[in-house]
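Some notes on the structure that comes next.
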Amino acid sequence: MEKKTILTAFGLMMMMLILSATIARADLCQDALTTLLPCMPFLTGSDQELAPSPTCCLGASELLNKATTSDDLKALCVCFKNAAAQDGVKSDRAELLPNLCKIKVPVPIKPDVDCNKL
């Protein structure tokens with residue numbers, strides 16, 4: 001009986017850890033999308049500007065500093081791929097963003113990147 005109780009408690013604890021990690025990843029995605037909101041006119045081509053705004057570049061730089069682990073990078077990769085597909089982001093503009101903002105990104109910015117291999 002005692003073994004069953006311990007196993008049940010352990011299982012519940014593991015489920016809570018997994019759930020909290022999933023919530024943290026969702027928060028990371030939402031924060032990242034909010035941080036990059038100033039980039040949307042450039043990324044979608046709606047403002048016809050040839051360069052992203054300074055606010056966009058600052059946000060992109062800050063976001064890179066927050067993504068400290070491999071799991072963070074994978075989560076952001078999935079987040080950005082989903083958001084780009086929904087929001088009409090032009091992949092050629094997304095690929096230009098790091099160079100134009102003078103930042104180095106550890107993940108290729110391509111629509112066909114495999115986020116699981118990061």
Side-chain angles (χ1 to χ4, degrees):
M1 180 71 172
E2 190 173 307
K3 239 184 191 180
K4 186 176 179 182
T5 303
I6 291 172
L7 286 175
T8 302
F10 180 74
L12 287 172
M13 185 175 70
M14 292 305 294
M15 285 176 33
M16 292 301 291
L17 285 172
I18 292 168
L19 180 60
S20 66
T22 303
I23 291 169
R25 295 287 171 245
D27 288 346
L28 178 65
C29 179
Q30 188 60 46
D31 288 347
L33 295 176
T34 300
T35 300
L36 293 181
L37 201 55
C39 299
M40 288 307 291
F42 172 76
L43 292 172
T44 60
S46 65
D47 69 358
Q48 301 302 315
E49 290 294 321
L50 299 177
S53 70
T55 307
C56 166
C57 291
L58 179 62
S61 179
E62 287 175 2
L63 181 59
L64 281 176
N65 292 332
K66 290 179 184 178
T68 57
T69 67
S70 167
D71 286 341
D72 289 346
L73 293 175
K74 286 178 186 177
L76 288 174
C77 177
V78 171
C79 173
F80 293 150
K81 282 180 75 168
N82 292 337
Q86 286 181 330
D87 296 332
V89 170
K90 296 181 182 207
S91 61
D92 59 328
R93 286 184 167 242
E95 289 177 41
L96 290 173
L97 189 70
N99 287 338
L100 293 173
C101 288
K102 296 177 177 49
I103 57 175
K104 199 170 196 168
V105 293
V107 177
I109 300 178
K110 305 259 186 208
D112 60 347
V113 68
D114 184 353
C115 298
N116 292 317
K117 291 187 178 180
L118 301 178

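Distance check: K90 NZ to T44 OG1 gives 7.5 Å after rounding to the nearest 0.5 Å. Residue D87 holds its CG atom at 11.5 Å from CG of L36, rounded to the nearest 0.5 Å. Atom OG1 in T35 sits 11.0 Å away from atom CG in L64 (nearest 0.5 Å). To the nearest 0.5 Å, atoms CZ (F42) and SG (C56) are separated by 7.5 Å.
P41 approaches P38 most closely through the heavy-atom pair CD-O, 3.5 Å. Contact record, P98 with A94: CD-O, 3.5 Å, taken as the closest heavy-atom pair.
C77 is linked by a side chain to side chain contact (heavy atoms under 4.5 Å, CB included) to K81, V113, C115, L118, counting only residues two or more places apart in sequence or in another chain. Scanning for side chain to side chain contact (heavy atoms under 4.5 Å, CB included) contacts around D114 gives N116, K117, with sequence neighbours left out.
Linking ILVMFWY side-chain heavy atoms closer than 4.5 Å, directly or via other members, places L33 and L76 in a single hydrophobic cluster. L63 is not connected to V107 by any chain of hydrophobic side-chain contacts under 4.5 Å among Ile, Leu, Val, Met, Phe, Trp and Tyr, and they are in different clusters. The cluster map of Ile, Leu, Val, Met, Phe, Trp and Tyr, joined by side-chain heavy atoms under 4.5 Å apart, puts V89 and L97 in the same cluster. Hydrophobic clustering (side-chain heavy atoms under 4.5 Å, transitive across Ile, Leu, Val, Met, Phe, Trp, Tyr) groups I103 together with I109. Clustering ILVMFWY residues whenever any of their side-chain heavy atoms sit less than 4.5 angstrom apart, transitively, puts L43 in the very cluster that holds L96.
Contact of the Q30 side chain with the T34 side chain is registered, since non-hydrogen atoms from C-beta on lie closer than 4.5 Å. In this structure, E62 and L58 have side chains that are in contact, with non-hydrogen atoms separated by less than 4.5 Å. Within the 4.5 Å cutoff, no side-chain heavy atoms of C79 are placed close to those of L28.
A donor-acceptor pair is defined here as one N or O able to donate and one able to accept, closer than 3.5 Å; no such pair exists between the side chain of S61 and the backbone of C57.
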